[in-house]
2 protein chains.
Amino acid sequence: MATIYQVSELAGVSLSTVSRVLNDNDYVSKKTKKKVLEAMQQLGYQPSSIARSLASSRTSSVGVLVSELDGPFFGQMMSAIEQQLRAAGKHVIITAGHSDEDKEKNGFEFLISRNCDAIIAHVEIVSDEYLIELSKGKIPIYLMSRYVEEIKDNCISLDNVLGGYLATKTMINKGHKNIAYIAGPQFKVDASDRLVGHKKALAEYNIAFDESLFYIGDFKETGGNDGLKHFIENKAQFSAIVCANDEMASGAMKFAREHGFNLPKDLAIMGYDNVIFTNYLYPTLTTIDNPVPEMGRMAANLVLKDIYKRPGITINRVFQPTLVLRDSTPDIN
Amino acid sequence: MATIYQVSELAGVSLSTVSRVLNDNDYVSKKTKKKVLEAMQQLGYQPSSIARSLASSRTSSVGVLVSELDGPFFGQMMSAIEQQLRAAGKHVIITAGHSDEDKEKNGFEFLISRNCDAIIAHVEIVSDEYLIELSKGKIPIYLMSRYVEEIKDNCISLDNVLGGYLATKTMINKGHKNIAYIAGPQFKVDASDRLVGHKKALAEYNIAFDESLFYIGDFKETGGNDGLKHFIENKAQFSAIVCANDEMASGAMKFAREHGFNLPKDLAIMGYDNVIFTNYLYPTLTTIDNPVPEMGRMAANLVLKDIYKRPGITINRVFQPTLVLRDSTPDIN
DNA sequence: GCACTTTATAAAAACGTATTGATAATGAAA
DNA sequence: TTTCATTATCAATACGTTTTTATAAAGTGC
């Protein structure tokens with residue numbers, strides 16, 4: 001491999017001059033620049049990213065820490081981040097936290113030990129305090145789908161209240177009055193925010209929140225299953241059911257069908273997240289879509305702007321979910 | 001940040017001694033080792049991976065090139081690779097080829113420019129010749145789900161013939177004689193291998209391959225849709241339909257239901273790949289499962305063994321798919 | 001106790017770049 | 001022409017390790 005030294009020799013200039021044309025920042029005459037570029041061409045010179053890192057203490061790499069590497073949500077997010085950063089010549093070091101405190105912390109440490117220029121993290125378990133502490137370190141931390149006041153400029157979040165509101169409002173507009181709600185684990189901010197939105201929509205239409213139409217599930221299929229079962233056993237009256245995520249909606253759908261409901265006629269069902277399989281369910285599931293790719297792209301942009309000083313980037317830190325209407329929520333008259 | 005130099009000073013030894021305990025390979029007395037380790041502890045010393053890379057021309061990083069970062073197949077694969085490599089202290093640089101020749105090549109170049117110690121690639125478009133040529137370079141290339149004779153030791157592949165065979169054989173054992181087959185694009189090796197397996201099963205049970213029960217789809221939902229439509233329009237007789245992947249099976253299922261079939265009674269359907277949504281379809285889809293995580297883990301192991309000289313690793317280069325029985329293929333009598 | 005091997009440590013060179021301070025060349029203003 | 005500011009270049013140093021070569025100490029067999 002040709003080095004900068006050989007280039008300098010062939011071009012008849014010094015090392016530093018070659019370095020300057022490489023980073024084209026300082027004074028260097030057109031004539032010299034041309035000479036150097038030709039020498040590079042001739043030698044097939046490729047700069048060593050490692051040596052460059054050592055000298056400049058920049059690695060051109062961004063760490064990405066997500067809960068899982070599989071799963072539609074993280075897939076879309078990583079895909080967007082990677083595309084955006086790679087287009088800027090940066091690379092992405094990916095690792096997983098597996099929704100476990102030790103593993104999340106370990107993931108951070110791992111990325112820090114790799115000297116990333118920045119870290120984009122989607123973590124759910126570690127505390128705000130931990131993140132704040134970490135942010136005081138040398139490597140800037142950016143958070144996805146999470147809002148921490150003290151480092152709000154580094155947070156990209158999602159308006160889950162709006163999403164919850166949209167879901168329930170849609171059901172109301174479809175003609176439903178008795179709407180059951182299966183929430184997610186309330187220690188998760190996403191889940192509790194969605195519930196707030198649900199209540200907001202009810203209030204807006206003067207529908208009282210009814211405890212007997214409320215169940216807290218586990219964000220998995222079983223949660224939907226158990227929730228619907230709970231409502232039926234308690235002889236609750238409802239014509240629609242709103243779930244705080246798609247997995248639970250799917251569970252509810254299965255349970256409903258197995259217990260004689262004719263879907264979607266007998267029961268309207270709403271999901272949340274617009275996970276890929278919602279389009280394969282029968283009937284296809286109405287749900288709330290999160291602009292995940294946009295968020296990923298924005299996280300990358302934020303890093304490009306803050307860390308790599310790219311000009312002309314405008315930032316948006318809060319994103320809005322949108323409704324996706326499908327077959328599971330027909331109008332009733 | 002403390003450097004190796006400060007450690008050496010505090011411990012009262014030379015740089016090289018510190019380096020030796022760091023890589024614990026050479027002669028170093030227990031007493032000295034202890035002194036050095038204590039000094040490290042005291043200074044909170046963390047070795048610089050960059051300086052280490054520059055000096056050793058090893059980056060402890062493995063490039064991973066896949067078609068897409070989202071999608072269940074790649075998600076599982078990356079997840080397995082990452083877990084295995086990270087446990088060994090290596091990190092993973094991930095990038096996508098988007099099933100496009102230029103982008104795949106660009107992905108390779110990108111990873112090479114990052115000085116990865118090895119590259120694990122799942123590419124579908126670039127030619128064997130390109131890969132062979134690339135393998136002559138400085139960085140070893142490992143291939144997933146692809147077999148190239150000239151570099152077979154670096155290939156991890158899947159027995160698609162067996163999978164195709166299993167799928168059709170299962171249908172036959174369920175009691176079907178007239179089995180329609182919707183194949184994938186035949187320029188894809190996976191697709192043509194699965195078809196070979198299908199024919200093999202038919203032959204084994206003395207069932208003639210019937211052109212009127214054969215259709216080539218596009219591996220997407222529309223392919224299943226169009227295939228079933230084709231069979232119906234041509235008034236073909238069949239009680240079961242085997243699809244070369246799950247997306248097409250899903251398309252066929254939708255079309256069947258929309259055209260009055262009572263599933264799974266009127267028509268048995270088989271998919272391939274065991275994609276996540278197969279479990280959410282109605283009825284749930286019988287399919288063929290690929291041991292994707294195992295393959296990912298094995299690729300990582302192969303790299304650990306070849307490149308990082310880890311001892312005690314046994315390698316398996318060919319993997320077998322298995323049958324996943326669900327509701328879409330009931331027994332008929 | 002001597003020659004010889006093995007073990008332990010040190011000193012120095014190398015990895016390939018960025019950066020800084022100094023110097024030289026050039027151009028503009030007086 | 002002189003003076004000063006600007007532009008262009010160079011030489012030297014720093015980045016933090018690994019690796020190689022050399023040398024010293026300790027152990028071995030006779």
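Order of the sequence lines sets the chain letters (A, B, ...), proteins ahead of strands, with each chain counted from 1.
One atom, NZ of B:Lys35, and another, P of C:dA8, lie 13 Å apart when rounded to the nearest Å. B:Tyr5 places its OH atom 12 Å from the C1' atom of C:dA11, with the value rounded to the nearest Å. Rounding to whole angstrom units, CG of residue A:Asn115 and P of D:dT17 are separated by 10 Å. One atom, CG of A:Leu22, and another, P of C:dT19, lie 11 Å apart when rounded to the nearest Å. For the pair B:Lys34 NZ and C:dA8 P, the computed distance is 17 Å after rounding to whole Å. Between B:Asn23 atom CG and D:dG16 atom P there is a gap of 17 Å when expressed in whole angstrom units. For A:Asp24 and D:dT9, the CG to P distance is 14 Å, given to the nearest whole Å. Rounded to whole Å, the distance from NZ on A:Lys138 to C1' on D:dC15 is 12 Å.
Taking only side-chain nitrogens and oxygens, B:Ser14 comes nearer than 4.0 Å to OP1 or OP2 of C:dA10. Distances shorter than 4.0 Å separate some side-chain N or O of B:Ser19 from OP1 or OP2 on D:dT18. Look at A:Thr17 and you'll find a side-chain N or O under 4.0 angstrom from OP1 or OP2 of D:dC10. B:Ser48 has no side-chain polar atom (N or O) that falls below the 4.0 Å cut-off from OP1 or OP2 of D:dC15. Applying the 4.0 Å criterion to OP1 and OP2 of D:dG16, one finds that B:Thr3 has every side-chain N and O outside that range.
As judged by a 4.0 angstrom heavy-atom cut-off over every strand, A:Val18 is placed among residues making no nucleic acid contact. As judged by a 4.0 angstrom heavy-atom cut-off over every strand, A:Thr32 is placed among residues touching the sugar-phosphate backbone only. At a threshold of 4.0 angstrom between heavy atoms, the contacts of A:Gln6 with the nucleic acid are absent.
Shown here is A:Ile93, whose CD1 atom has more than 12 heavy atoms of other residues, nucleotides or ligands within 6.0 Å. Within a 6.0 Å sphere centred on NZ of B:Lys33, heavy atoms belonging to other residues, nucleotides or ligands number 12 at most.
Of the candidates C:dG16, C:dT7, D:dT20, C:dG16 carries the atom nearest the A:Leu54 side chain, counting heavy atoms from C-beta on. For B:Ser16, the side-chain atoms get nearest to C:dA10 when compared with the rest of C:dA18, C:dA8, C:dA10. When distances run from any side-chain atom of A:Arg20 to the nucleotides C:dT20, C:dA18, D:dG16, the shortest one goes to C:dT20. The side chain of A:Ile4 has C:dA18 as its nearest neighbour among C:dA18, D:dT17, C:dA10. Checking C:dA18, C:dA8, D:dA8 against the side-chain heavy atoms of A:Ser56 singles out C:dA18 as nearest. Closest to the A:Tyr27 side chain, of the nucleotides D:dT7, D:dT18, C:dG16, is D:dT7. Between D:dT18, D:dT7, C:dA18, one nucleotide has an atom nearer to the side chain of A:Leu15 than all others, and that is C:dA18. Of the listed nucleotides (D:dG16, C:dG16, C:dA18), C:dA18 has the atom at the smallest distance from the side chain of A:Arg52.
A cation-pi arrangement is absent between B:Lys152 and B:Tyr147 under the rule of less than 6.0 angstrom and at most 45 degrees off the ring axis. The cationic group of B:Arg86 lies under 6.0 Å from the six-membered ring centre of A:Phe110 and within 45° of the ring axis, placing it in a cation-pi geometry.
Using modelled atom types, one finds a donor on one side chain and an acceptor on the other under 3.5 Å when comparing B:Ser67 with B:Glu124.
Between A:Phe108 and A:Tyr130, the ring-plane angle classifies as tilted under the 30° and 60° cut-offs.
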